[in-house]
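Step one of this worksheet: look at the structure below.
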Amino acid sequence: MKFVIQRDQLIASVQDVMKAISPRTVIPILTGMKVEAKHHGITLTGSDSDISIESYIPAEEDGNVNVEQIEEGSIVLQAKYFPDIVKKLPEKTVEITADENLKVTIKSGKAEFNLNGQDAAEYPQLPKLQTDDSFEMPTDLLKSMIKQTVFAVSTMETRPILTGVNMKLAENKLSFTATDSHRLASREIPIPNANTEFPSIVVPGKSLNELNKILDDTEEKVEISVTNNQILFRTEHLNFLSRLLDGNYPETSRLIPDQSKTVIYAKTKELLGSIDRASLLAKEERNNVVRLSTGEGSLVEITSNSPEVGTVAEEITVSGIEGEELKISFSSKYMMEALRAIDYEEVKIEFTGAMRPFIIHPANDDPILQLILPVRTY
């Protein structure tokens, strides 16, 4: 195997693929990165058997030559060393050669590295997904859906199913839901002319976080296909494959209150800033609890007190308050994460009493929803 490649292209692909490689894996060869050279381009593969990532560098694209002098072949390189070597090479191009004894030479300018490779035939075959039932959506929209939900997955392994995001595609609508049983985040978008449906699958939160880091913020499409235990996200140069979580996701729709007693409309940034300041004194408490109470007119008071540290109180003027008076306590961390995820200028918060879950969504009724359970403080 031999090829000469543009170093920047190689670095970008290597960094993507590294996100799937774990130094602690049951199968030793998976600590390496598979490099495959074909006449049309180079494919890099990394996997930890939960997530697999393939990154493809075409030999030629839009009139630019990325890879030349290709002699076909494949090898597995030690992922512990290869990325650092590539990053620090002196010239803009890199020549990589592997001989029949699996000895690999990496040359750039006057620098030359010799590495021991492993036989690519021993690298596990990635499951090939049938892509008949797939649908497409814009990449930037997928990224924003991940960002608005994935933070709410559970980090506790006691209920593994809650460490994932529940995806559903039905009647041309795609929805993402995440909950750790103290809060819930969901978003729904229309997928016009989706020629497939899946009732309910659960994608590990970890997989979606990595996918979000790799995808570029473009309006290009990403193709998504699902089989019984895998999901594939595919863009022009990237295949991202993740296993799905086993088990049934809890029915969350009944958690969402269908009526409210108090509604507050507020500027997202102002409310976020105020809760952030109130939480400064609540660090010792496990829940970082802050308290919100409605006052005269359109004033809302945000307070927090920590017996050993002190108290903080701030009044903010909101855009509007409807309904009953309210005093409620909640985790400042959950509230801040929910407000940051919504990413709209103004939010509408609907409360059904001090002990019931409350919901936050954009004031323009875009179908993004955050639900938080209050904290008892008496």
Side-chain angles (χ1 to χ4, degrees), residues 135 137-154 162 164-192 194 200-203 205 208-209 211-212 215 217 219 222 224 233 249-260 262-276 292 318-320 322 328 330-352 356-374:
F135 67 96
M137 66 185 289
T139 306
D140 50 1
L141 189 54
L142 174 63
K143 283 185 67 127
S144 76
M145 283 187 80
I146 293 173
K147 191 181 124 212
Q148 283 155 348
T149 52
V150 75
F151 66 88
V153 300
S154 173
L162 295 186
V165 174
N166 184 217
M167 280 175 70
K168 287 182 187 167
L169 177 64
E171 296 167 6
N172 291 339
K173 279 189 184 140
L174 174 69
S175 70
F176 278 29
T177 307
T179 180
D180 62 3
S181 75
H182 299 288
R183 53 162 167 189
L184 176 144
S186 77
R187 166 103 197 251
E188 185 180 86
I189 59 155
I191 300 280
S200 171
I201 59 167
V202 186
V203 186
L208 290 176
N209 271 322
L211 177 66
N212 197 23
L215 289 175
D217 254 327
E219 290 171 18
V222 55
I224 301 175
F233 298 89
Y249 202 78
E251 183 48 67
T252 51
S253 54
R254 55 192 169 73
L255 298 174
I256 297 160
D258 46 9
Q259 59 202 43
S260 55
T262 314
V263 181
I264 294 177
Y265 295 88
K267 291 266 183 285
T268 312
K269 271 208 172 111
E270 276 177 33
L271 185 57
L272 181 58
S274 171
I275 290 168
D276 198 358
L292 175 148
V318 294
S319 319
E322 298 164 4
I328 191 166
F330 47 79
S331 153
S332 59
K333 173 179 178 276
Y334 288 175
M335 186 66 162
M336 279 154 54
E337 287 182 339
L339 290 170
R340 284 195 190 110
I342 282 182
D343 215 13
Y344 273 82
E345 232 167 83
E346 200 164 332
V347 286
K348 174 182 178 185
I349 310 175
E350 300 185 46
F351 300 92
T352 35
R356 306 271 317 181
F358 59 92
I359 53 180
I360 313 162
H361 38 104
N364 68 354
D365 287 332
D366 193 50
I368 303 171
L369 178 136
Q370 305 286 341
L371 173 141
I372 297 175
L373 268 67

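- Only one option out of Leu373, Leu255, Thr149 pairs with Leu184 in a side chain to side chain contact (heavy atoms under 4.5 Å, CB included); it is Leu255.
- A donor-acceptor pair shorter than 3.5 Å can be found between the side chains of Ser200 and Asn166.
- To the nearest 0.5 angstrom, Phe330 atom CZ is 7.5 Å from Ile372 atom CD1.
- Side-chain atoms of Asn172 come within 3.5 Å of backbone N or O of Ala194 as a donor-acceptor pair.
- Here the closest heavy-atom approach between residue Leu339 and residue Ile360 is recorded as CD2-CG2, 4.2 Å.
- To the nearest 0.5 Å, the span separating CG on Asn212 from CG on Leu142 amounts to 7.5 Å.
- Taking 4.5 Å as the limit, every side-chain heavy atom of Thr252 sits out of range of all side-chain heavy atoms of Arg254.
- Glu346 and Thr268 form no side-chain donor-acceptor contact under 3.5 Å, judged by distance and modelled atom types alone.
- Atom NZ of Lys267 is separated from atom CD of Glu345 by 6.5 Å, given to the nearest 0.5 angstrom.
- Looking at every heavy atom in both residues, Thr177 comes nearest to Tyr249 through O-OH, 3.6 Å.
- At a threshold of 4.0 Å, the pair Glu188-Lys168 does not count as salt-bridged, since none of the basic side-chain nitrogens sits closer than that to a carboxylate oxygen.
- Looking at every heavy atom in both residues, Met137 comes nearest to Ile189 through CE-CD1, 3.5 Å.
- Counting only N and O atoms by type, the side chains of Glu350 and Thr352 include no donor and acceptor under 3.5 Å apart.
- Residue Ile146 holds its CD1 atom at 8.0 Å from CG of Asn209, rounded to the nearest 0.5 Å.
- Between the side chains of Arg183 and Ser331, not a single donor N or O lies within less than 3.5 Å of an accepting N or O.
- Side-chain contact between Leu369 and Arg187 is absent, with no heavy atoms from C-beta onward closer than 4.5 Å.
- With hydrogens and angles disregarded, a donor-acceptor distance shorter than 3.5 Å links the side chain of Thr179 to the backbone of Ser181.
- Contact check on Arg340 versus Asp343 returns no salt bridge, with no Lys/Arg side-chain nitrogen under 4.0 Å from an Asp/Glu carboxylate oxygen.
- Asp180 and Ser154 get closest at one heavy-atom pair: CB-CA, 3.6 Å.
- In this structure, the side chains of Leu162 and Pro250 come closer than 4.5 Å at one or more pairs of heavy atoms.
- Two residues are said to be in side-chain contact when any heavy atoms from C-beta on lie closer than 4.5 Å; Tyr265 and Val318 fail this criterion.
- Scanning all heavy atoms of the two residues, the minimum distance from Arg356 to Ile328 falls at O-CD1, 4.5 Å.
- Interatomic distance, OH of Tyr344 versus CG of Asn364, reported as 5.0 Å (0.5 Å rounding).
- Residues Leu271 and Met336 fail the side-chain proximity criterion, which asks for heavy atoms closer than 4.5 Å.
- In this structure, Val153 and Val165 have side chains that are in contact, with non-hydrogen atoms separated by less than 4.5 Å.
- For the pair Ala185 and Phe151, the tightest heavy-atom approach, listed with the atom from each and the gap, is CB-CZ, 4.0 Å.
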Chi angles and distances behind the side-chain contact (heavy atoms from CB on, under 4.5 Å) call for Ile359, Phe351: CA-CA 7 Å; Ile359 53 180; Phe351 300 92; over 6 Å; no
